[in-house]
Amino acid sequence: MSGFFMQKLKKIVFMDLDGTLLKSDQTFSLNTIQTLKKLKQMGIFLVIVTGRSLFSFRKVIDLDFPIDYLIYSTGAGIYDWNKQQLLFSQSINGILVKKVLIQLLNKKLDFMIHKEIPNNHEFYYYRANSNKNLDFERRVLIYKKYAKEITSIENLCDSYCQLLSILNKNQGSILEDFRKLFPELKIIRATSPLNHESIWMEIFPANVSKSQAAYWLTKYLNIPKHKTISIGNDYNDEDLLDWTEKSFVVNNAPIELKRKFQVVKSNDEDGFSEAMEREF
């Protein structure tokens with residue numbers, strides 16, 4: 001393949017993980033792996049964009065998995081997968097964290113505070129609702145080795161990667177309340193990857209998002225925006241889907257997203273490969 005043709009082909013594909021590349025049983029189809037390998041052979045840059053931490057990501061991805069870069073923690077970290085090297089990270093300063101914590105306490109919300117990258121799989125948690133938040137309790141149990149309960153916010157003065165509050169499906173208005181209270185932060189809505197019902201309110205620095213991280217990486221790699229493609233399945237993918245030149249959602253995405261973007265088969269029916277067949 002000539003250098004001129006490779007330059008002309010120079011494209012980048014941003015892929016959500018849970019509910020998009022991963023099937024519901026947390027495995028990859030053989031066809032998905034084959035599609036990724038073919039794209040790599042063509043010289044396409046492959047980037048997984050996930051809300052997971054690097055620690056959580058490594059639970060489902062082997063070192064030889066055919067990607068080039070990882071955008072994780074919803075864009076707070078950018079990682080060169082081939083070199084196993086952190087390229088970029090962000091955090092919220094301690095003063096601002098304290099202000100958010102006061103509001104979370106006032107509203108009697110369960111929340112978690114994640115340490116800075118690369119240790120953001122470790123977190124402190126505060127239980128406001130006496131074990132009634134089952135999705136919250138499940139996440140604490142999954143990460144119990146890395147989770148520490150707090151009873152007071154007084155000693156929390158460091159910078160942190162993010163805050164996370166797990167809401168029930170009827171508490172969506174709380175996100176708007178926090179967006180008004182903290183315009184200097186990014187408040188992101190995600191559907192729980194655990195029970196697929198709860199609303200996860202993720203709080204990050206203002207310029208953290210999947211689209212901002214994708215933009216940073218395209219500049220780093222010198223790839224123009226008209227060579228960008230994305231595929232996702234949830235509300236926290238929407239800004240990325242809006243930003244890329246071409247965008248797809250799998251059929252298990254919310255109806256609001258399916259009305260905006262090209263729809264392919266579900267994650268369990270290898271919608272990713274269908275999207276790539278349409279594009280390449």
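Bear in mind that the values here come from a model prediction, so they are computed numbers and not experimental data.
When only modelled atom types and interatomic distance are considered, Gln90 and Asn207 share a side-chain donor-acceptor pair under 3.5 Å. When only modelled atom types and interatomic distance are considered, Ser29 and Asn31 share no side-chain donor-acceptor pair under 3.5 Å. Side-chain atoms of Ser209 and Gln212 include no donor-acceptor pair closer than 3.5 Å.
Residues Phe65 and Phe28 bring their aromatic ring centres within 6.0 Å.
What you find for Arg278 and Val263 is that their closest heavy atoms are NH2-O, 3.1 Å. Counting all heavy atoms, side chain and backbone alike, Ala213 lies closest to Gly75 at CB-CA, 3.8 Å. Scanning both residues, Glu116 and Ser91, for their nearest heavy atoms gives OE2-OG, 2.9 Å. Annotation for Cys161 and Ile117: closest pair SG-CG1, 4.1 Å, computed over non-hydrogen atoms. Contact detail for Ile78 and Leu86: the closest heavy-atom pair is O-CD1, 3.5 Å. Nearest heavy atoms, Lys107 versus Leu181: CE-CD1, 4.5 Å.
A donor-acceptor contact shorter than 3.5 Å links the side chain of Ser192 to the backbone of Asn195. Judged by distance alone, the side chain of Asp268 and the main-chain N or O of Ser24 form a donor-acceptor pair under 3.5 Å. Proximity of a side-chain donor or acceptor of Arg189 to a complementary backbone N or O of Leu175 within less than 3.5 Å is not detected. Panel note: side chain Asp110, backbone Ala128; a donor-acceptor pair is recorded below 3.5 Å. Looking only at distances, no side-chain donor or acceptor of Asn236 sits under 3.5 Å from a matching main-chain atom of Gly51. Proximity of a side-chain donor or acceptor of Lys10 to a complementary backbone N or O of Leu221 within less than 3.5 Å is detected. Checked by atom type and distance alone, the side chain of Asn93 pairs as donor or acceptor with a backbone atom of Ile95 at under 3.5 Å. Remark: side-chain polar atoms of Asp68 are paired, donor with acceptor, to backbone N or O of Leu46 under 3.5 angstrom. Side chain of Trp81 to backbone of Asp64: no donor-acceptor contact under 3.5 angstrom is found. Of the possible polar contacts, one joining the Asn252 side chain to the Gly19 backbone as a donor-acceptor pair under 3.5 Å is found.
Enclosure of atom NZ in Lys37 is not indicated, since only 12 or fewer non-hydrogen atoms of other residues, nucleotides or ligands lie within 6.0 angstrom. Enclosure of atom NZ in Lys246 is not indicated, since only 12 or fewer non-hydrogen atoms of other residues, nucleotides or ligands lie within 6.0 angstrom. Within a 6.0 Å radius of NZ in Lys225, other residues, nucleotides and ligands contribute more than 12 heavy atoms.
Contact annotation: the side chain of Tyr126 approaches that of Leu105 to within less than 4.5 Å [non-hydrogen atoms, C-beta and beyond]. Considering only heavy atoms from C-beta on, Asp270 stays 4.5 Å or farther from Lys265 through its side chain. Under the 4.5 Å side-chain criterion, counting only non-hydrogen atoms from C-beta, Glu274 is not in contact with Val250. By the 4.5 Å heavy-atom criterion applied to side chains, Gln26 and Asp18 are counted as neighbours. A heavy-atom distance below 4.5 Å is not found between the side chains of Leu163 and Phe178. The shortest side-chain heavy-atom distance between Phe272 and Leu36 falls under the 4.5 Å cut-off. Contact of the Tyr160 side chain with the His114 side chain is not registered, since no non-hydrogen atoms from C-beta on lie closer than 4.5 Å. Side-chain contact between Ile231 and Val264: present, with at least one pair of heavy atoms (C-beta onward) separated by less than 4.5 Å.
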Apply side chain to side chain donor-acceptor pair (under 3.5 Å) to Asn120 and Ser53, showing your working.
-> CA-CA 7 Å; Asn120 61 318; Ser53 67; 5.1 Å; no

Between Leu87 and Tyr69, is a side chain to side chain contact (heavy atoms under 4.5 Å, CB included) present by the stated rule, with each step listed?
-> CA-CA 10 Å; Leu87 300 177; Tyr69 296 92; 3.9 Å; yes

Could you go through the side chain to side chain contact (heavy atoms under 4.5 Å, CB included) check for Val100 and Phe182 one step at a time?
-> CA-CA 8 Å; Val100 176; Phe182 299 103; 3.9 Å; yes

Pair Ser56-Tyr143, side chain to side chain donor-acceptor pair (under 3.5 Å): steps then yes or no = CA-CA 10 Å; Ser56 176; Tyr143 292 101; 3.3 Å; yes

Criterion side chain to side chain donor-acceptor pair (under 3.5 Å) on Ser273 and Thr35, from CA distance to verdict | CA-CA 6 Å; Ser273 291; Thr35 299; 2.7 Å; yes

So Phe45 and Thr228, side chain to side chain contact (heavy atoms under 4.5 Å, CB included) or not? Walk me through it.
-> CA-CA 10 Å; Phe45 287 105; Thr228 58; over 6 Å; no

Given side chain to side chain contact (heavy atoms under 4.5 Å, CB included), test Leu22 with Asn267 step by step and report yes or no.
-> CA-CA 7 Å; Leu22 273 177; Asn267 63 319; 5.9 Å; no

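In this structure, NZ in Lys144 is found 12.0 Å from OH in Tyr146, a value given to the nearest 0.5 Å. In this structure, NZ on Lys99 lies 11.0 Å from CD on Gln103, to the nearest 0.5 angstrom. The line from OG of Ser247 to CG of Leu240 is 7.0 Å long, rounded to the nearest 0.5 Å. Here OH of Tyr72 is found 14.5 Å from CZ of Arg52. Values are rounded to the nearest 0.5 Å. With rounding to the nearest 0.5 Å, the separation of CZ in Phe57 from CD1 in Ile67 is 4.0 Å. Taking CE of Met15 as the reference point, atom CD1 of Ile229 lies at 10.5 Å (rounded to 0.5 Å).
Residues Phe136 and Phe111 fall into different hydrophobic clusters, defined by Ile, Leu, Val, Met, Phe, Trp and Tyr side chains chained together at heavy-atom separations under 4.5 Å. Hydrophobic clustering (side-chain heavy atoms under 4.5 Å, transitive across Ile, Leu, Val, Met, Phe, Trp, Tyr) keeps Leu257 apart from Trp200. Connection of Val49 to Leu241 is not established within any shared hydrophobic cluster, with ILVMFWY side chains joined at heavy-atom distances below 4.5 Å, either directly or through further cluster members. Cluster annotation: Ile166 is connected to Val140 through the hydrophobic network of ILVMFWY side chains, with a link wherever side-chain heavy atoms come within less than 4.5 Å. In the hydrophobic clustering of this structure, Tyr124 does not group with Ile142; members are Ile, Leu, Val, Met, Phe, Trp, Tyr whose side-chain heavy atoms approach within less than 4.5 Å, directly or through other members.
Counting only residues at least two apart or on different chains, the salt bridge (Lys or Arg N to Asp or Glu O under 4.0 Å) pairs with a member in residues 192-219 are Asp16-Lys210, Lys210-Asp237.
Cation-pi check for Arg139 over Phe123 is met; the charged atom lies under 6.0 angstrom from the ring centroid and within 45 degrees of its normal.
With salt bridges taken as basic N to acidic carboxylate O contacts below 4.0 Å, none links Lys260 and Glu256. Between Glu122 and Lys148 there is no salt bridge, since no side-chain nitrogen of the basic residue lies less than 4.0 Å from a carboxylate oxygen of the acidic one.
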